[in-house]
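Below, all heavy atoms of this structure are taken into account, side chains as well, without hydrogens, waters or symmetry copies. To find a chain, count down the sequence lines: A is the first, B the second, and so on, and within it residues start at 1. Please read these numbers as outputs of a predicted model, since none were measured by experiment.
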Amino acid sequence: MHTLTFELEAVPPYSFELTVHKPAGWSWLIRNEVYKNGTIWSAIRLYSGKPVGLKLRSMGTVHEPRVRCEAFTRQELINEEKIELQERIGKKLSADEDIREFYSLAQRDPVLHEVVKDLYGMRDTPSADVFSGAILAVTLQMAPWKRSMQMMESLLETYGERIAFDSQVINLWPTPEKLAIVEVEELQKKCKLGYRAQNLQSIAQTLTIGFPTLEDLEQMSTEGAKKKLMELRGIGGYSAEIISPHRGFPLDVWSTQIFHRLLFAETPEDPRAAISKVRRRAEERWGEWSGYAFIYVLNDLNNLSRKLKLKLN
DNA sequence: GCGTCCAGGTCTACC
DNA sequence: GGTAGACCTGGACGC
C-alpha cells in the first residue's frame with residue numbers, strides 16, 4: 001500500500017468530529033465507514049476509478065481547525081490525482097464553507113439558538129458522488145429507516161468493492177458500471193429492493209452513458225441541477241435535493257411532521273399534504289440557510305425535544 | 001405462528 | 001395543472 005499524507009485547514013468554527021460523525025447516525029461518505037476515538041476510516045473513488053482508503057483525524061481545535069488525512073492506494077498516485085484527492089476531500093468535509101452568517105441568524109431564532117449550541121462547528125457535507133447519493137435517495141423512498149439500511153447494506157455487501165488498509169476493511173459503493181449490467185430480478189432478490197431495483201438499474205445505465213458529476217452540477221444553478229437530476233428514473237424533487245450539491249430542504253413525511261411541530265406547534269393531519277406549507281414557512285424564516293437549519297434540527301432532536309418540551313421524535 | 005397493514009416517494013393515467 | 005392509485009418487501013402489530 002502507498003500512503004499519501006496531507007493536512008487541510010478549515011474555516012472556523014469547525015468541528016471535525018461532528019462533521020464526519022453526525023449525532024443522528026448519518027455517515028460521511030459510506031455506510032460502513034468506521035469512526036473511533038475521533039478518527040474516521042472511509043474510502044472514495046477517484047475519477048479514474050481508483051479506490052482510495054482514507055484515515056482522517058483532527059489535529060486542531062474548533063477555532064483553529066486542521067485535519068490530517070492519510071490516503072492509502074495500491075499504486076502510487078500521480079500528481080494530478082494527488083491534487084484531485086486533496087481538493088475533493090476538502091469539498092467532502094465542507095472545509096471552506098463559512099457558516100458564520102448562519103450562526104448570526106441563529107442568535108435571533110429560538111429554535112436555531114438551541115441547536116447551534118449543541119452542534120457548534122458542524123458542517124453539512126455532500127454525497128461521495130451522484131450514484132451514491134442516488135442509492136441513498138432511492139432506498140429512502142417508501143421505506144422505514146431500518147429497511148432503507150437493510151437495502152443499502154445488501155447493495156454494499158453484494159456489489160460493493162472491498163478494500164483493506166490500516167487494519168480496516170471498507171466496502172466502497174458499487175459503481176454505476178457494475179449495477180448497469182446486473183439483471184433487475186437479481187437486484188430485487190439479492191438486495192430486497194422491490195420496485196426500486198428497476199429505478200436504480202436505470203439510473204446506473206444513464207450514469208454509465210454520461211451524466212454530469214457532482215462538481216458539474218455544482219456549477220449549474222440550484223434549479224438547473226435539480227431539473228437535471230429529475231431526468232433520472234425514480235428521482236423526484238425530494239430525491240434530487242438529497243443528491244444535489246446545492247443544499248436543499250428535502251422534506252419527506254417524517255421530517256415534515258417534525259418541522260410542522262416546530263414551526264406550527266402542532267402535528268399535521270396529513271403530513272404529505274403539509275410539505276409545501278412547511279417548506280414555505282421554513283424558507284420565510286430561515287431563507288438561504290434553510291438547508292443548514294434542516295440538518296442541524298434533525299441532528300439534535302433529542303436535545304431539542306427536551307429543551308422546547310415538544311415531542312419531536 | 002400467521003395474517004394484515006403500511007412505510008422517511010415517484011410515476012402514470014385520467015380528469 | 002391537479003390528483004388517485006399502484007408499486008416491492010419486510011417489519012410491526014394484533015390475534
Engineer: Between A:Arg272 and B:dG9, does any side-chain N or O lie under 4.0 Å from OP1 or OP2?
Structural biologist: yes

Engineer: Using the benzene-type ring in the case of Trp, are the ring centres of A:Phe259 and A:Phe264 under 6.0 Å apart?
Structural biologist: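 Ring centroids of A:Phe259 and A:Phe264 are no less than 6.0 Å from each other.
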
Engineer: Any heavy-atom pair between the side chains of A:Lys91 and A:Glu218 that's under 4.5 Å?
Structural biologist: yes

Engineer: In whole angstroms, how far is the P atom of B:dA7 from the CG atom of A:Asp270?
Structural biologist: 11 Å

Engineer: Using Watson-Crick or G-U wobble geometry with both distances under 3.5 Å, which nucleotide pairs with C:dC8?
Structural biologist: none

Engineer: Any side-chain N or O of A:Lys146 less than 4.0 Å from the OP1 or OP2 oxygen of C:dA12?
Structural biologist: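 Looking at the OP1 and OP2 atoms of C:dA12, one of them is under 4.0 Å from a side-chain N or O of A:Lys146.
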
Engineer: Just call it for A:Ile235: base, sugar-phosphate, or nothing, with non-hydrogen atoms closer than 4.0 Å on any strand.
Structural biologist: sugar-phosphate

Engineer: Please measure how far the P atom in C:dT3 lies from the corresponding atom in B:dG8, and state the result in whole Å.
Structural biologist: 23 Å

Engineer: Name the closest nucleotide to the A:Lys192 side chain, picking from B:dA7, C:dG10, B:dT10.
Structural biologist: C:dG10

Engineer: Tell me the interatomic distance from A:Leu251, atom CG, to B:dT10, atom P, rounded to whole angstroms.
Structural biologist: 12 Å

Engineer: Only one of A:Thr175, A:Leu136, A:Leu200 clears side-chain contact (heavy atoms from CB on, under 4.5 Å) with A:Phe131; which?
Structural biologist: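 Filter result, single survivor: A:Leu200.
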
Engineer: Rounded off to whole Å, could you give me the CD-to-P distance for the A:Glu186 and C:dT9 pair?
Structural biologist: 14 Å

Engineer: Is any side-chain heavy atom of A:Val115 closer than 4.5 Å to a side-chain heavy atom of A:Leu112?
Structural biologist: yes

Engineer: Taking B:dT10 as the reference, what is the distance to C:dG11 when you measure between their C1' atoms (whole Å, please)?
Structural biologist: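 The answer is 22 Å between these two C1' atoms.
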
Engineer: Go ahead and name the base partner of C:dC13; Watson-Crick or wobble counts if both distances stay under 3.5 Å, otherwise write none.
Structural biologist: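 Base-paired to B:dG3.
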
Engineer: Contact between A:Val11 and A:Ile99 at the side-chain level, heavy atoms closer than 4.5 Å - yes or no?
Structural biologist: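 They are not in contact (no side-chain heavy atoms under 4.5 Å apart), so the answer is no.
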
Engineer: Expressed as a whole number of Å, how far does the P atom of C:dG5 sit from that of B:dC6?
Structural biologist: 15 Å

Engineer: Write down the distance between CG (A:Leu193) and P (B:dG9), rounded to a whole number of angstrom.
Structural biologist: 16 Å

Engineer: State which of C:dT9, B:dT10, C:dC8 makes the closest approach to the side chain of A:Ser239.
Structural biologist: B:dT10

Engineer: Is the phosphate of B:dG8 approached by A:Gln257 (side-chain N or O, under 4.0 Å from OP1 or OP2)?
Structural biologist: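 Answer no for this pair, as no side-chain N or O of A:Gln257 is under 4.0 Å from OP1 or OP2.
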
Engineer: I want to verify a distance call: between C:dG11, B:dG9, B:dG8, whose nearest atom is closest to the A:Trp254 side chain?
Structural biologist: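 Closest nucleotide to the A:Trp254 side chain: B:dG8.
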
Engineer: Please report the distance, rounded to the nearest Å, between CH2 in A:Trp145 and C1' in B:dG8.
Structural biologist: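 Rounded to the whole Å, the gap is 9 Å.
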
Engineer: Choose from B:dT10, B:dG8, B:dA7 the nucleotide whose nearest atom is closest to any side-chain atom of A:Gln141.
Structural biologist: B:dT10

Engineer: Rounded to whole Å, how long is the line connecting atom CZ of A:Arg233 with atom C1' of C:dC7?
Structural biologist: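 Going from CZ in A:Arg233 over to C1' in C:dC7 covers 11 Å.
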
Engineer: Measure up the A:Tyr103 and A:Tyr296 rings against each other and bin them: parallel (under 30°), tilted (30 to 60°), perpendicular (over 60°).
Structural biologist: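 Rings of A:Tyr103 and A:Tyr296: perpendicular, as their planes differ by over 60°.
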
Engineer: Rounded to whole angstroms, how far apart are CE on A:Met151 and P on B:dA7?
Structural biologist: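 The distance from CE of A:Met151 to P of B:dA7 comes to 14 Å, rounded to the nearest Å.
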
Engineer: Tell me the interatomic distance from A:Lys190, atom NZ, to C:dC8, atom C1', rounded to whole angstroms.
Structural biologist: 18 Å

Engineer: Taking the same atom, P, in C:dG10 and in B:dC11, what whole-Å distance lies between them?
Structural biologist: 23 Å

